[in-house]
Novice: 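Dropping a structure here in structure tokens format, bear with me for questions.
The chain is numbered in sequence order, starting from 1.
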Amino acid sequence: MTVSSRRKIALRMFMVRLLPKTPWKNLIAKKIREEVQRVAHAVPVKDYDARLSV
């Protein structure tokens, strides 16, 4: 996710700093992890042969 303005960057950083103090931090962290996993699985990775050719 990219942020387009200084105000949005400041707001995002404020929310990240506030996160440890919130009672719903696990819910928010779960949503962040889900988004990261979704993006990570969308990136194609070439499958290499595990055997070494010596």
Side-chain angles (χ1 to χ4, degrees):
M1 174 191 331
T2 59
V3 182
S4 58
S5 73
R6 293 176 67 89
R7 179 176 279 165
K8 288 181 182 178
I9 292 170
L11 179 61
R12 183 175 66 179
M13 292 308 298
F14 172 73
M15 291 171 62
V16 168
R17 285 193 309 266
L18 189 65
L19 185 60
K21 297 168 180 61
T22 61
W24 56 85
K25 62 185 166 201
N26 291 331
L27 178 64
I28 296 170
K30 179 182 175 187
K31 295 300 280 182
I32 292 170
R33 279 193 309 269
E34 288 173 355
E35 182 70 18
V36 169
Q37 285 296 319
R38 185 183 65 78
V39 172
H41 289 298
V43 175
V45 178
K46 184 176 179 181
D47 190 19
Y48 290 99
D49 191 6
R51 293 175 280 161
L52 296 174
S53 57
V54 178

Novice: Pair up each side-chain donor or acceptor in residues 26-34 with any protein partner under 3.5 Å, not counting sequence neighbours, and list the distances.
Specialist:
none

Novice: Using residues 36-47 as the side-chain source, report each donor-acceptor pair under 3.5 Å to any protein atom, sequence neighbours left out, with the distance given to one decimal.
Specialist:
residue : atom : partner : partner atom : Å
Q37     : OE1  : H41     : NE2          : 3.1
R38     : NH2  : E35     : OE2          : 2.6

Novice: Find the distance between NZ (K8) and CG (L11) and round it off to the nearest 0.5 Å.
Specialist: 10.0 Å

Novice: Got a list of side-chain donor-acceptor pairs under 3.5 Å for residues 17-25, not counting sequence neighbours?
Specialist:
residue : atom : partner : partner atom : Å
T22     : OG1  : L19     : O            : 2.8
K25     : NZ   : P20     : O            : 3.4

